[in-house]
Amino acid sequence: LPIEKKRMLQMFQFTVWQKSYKEYGFKTPLAGIATFLPAVVTGFTRQLNNRHWLSDVLAGAIIGIMMVELAYFLTDRLLMKTGAQTCSKS
């Protein structure tokens with residue numbers, strides 16, 4: 001895959017990890033491991049193969065995680081306006 005697609009894949013992997021963490025937390029640690037491990041391995045191997053710098057890998061992780069946080073924030077705001085139950089587990 002071209003570099004841009006690999007970067008998108010890593011962001012997607014971190015997005016999936018953050019989503020599973022937000023939904024399941026520590027109730028099912030296996031879900032966290034199963035989603036976090038591929039993201040870390042992808043970032044690590046991209047660095048070993050001299051395909052990405054550490055800053056690229058960290059940026060992909062941050063963007064993936066922030067996209068989930070933004071989605072939860074916006075969903076909660078939207079549902080508050082309609083009076084429906086929010087996604088936050090507070």
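Starting from 1, each residue takes its place in the sequence as its number.
Going from atom CE of Met67 over to atom OH of Tyr72 covers 14.0 Å, rounded to the nearest 0.5 Å. Separating the CG atom in Asn49 from the CZ atom in Phe44 is a distance of 10.0 Å, to the nearest 0.5 Å. Separation of atoms CG (Leu70) and CD1 (Ile63) is listed at 12.5 Å; rounding is to 0.5 Å.
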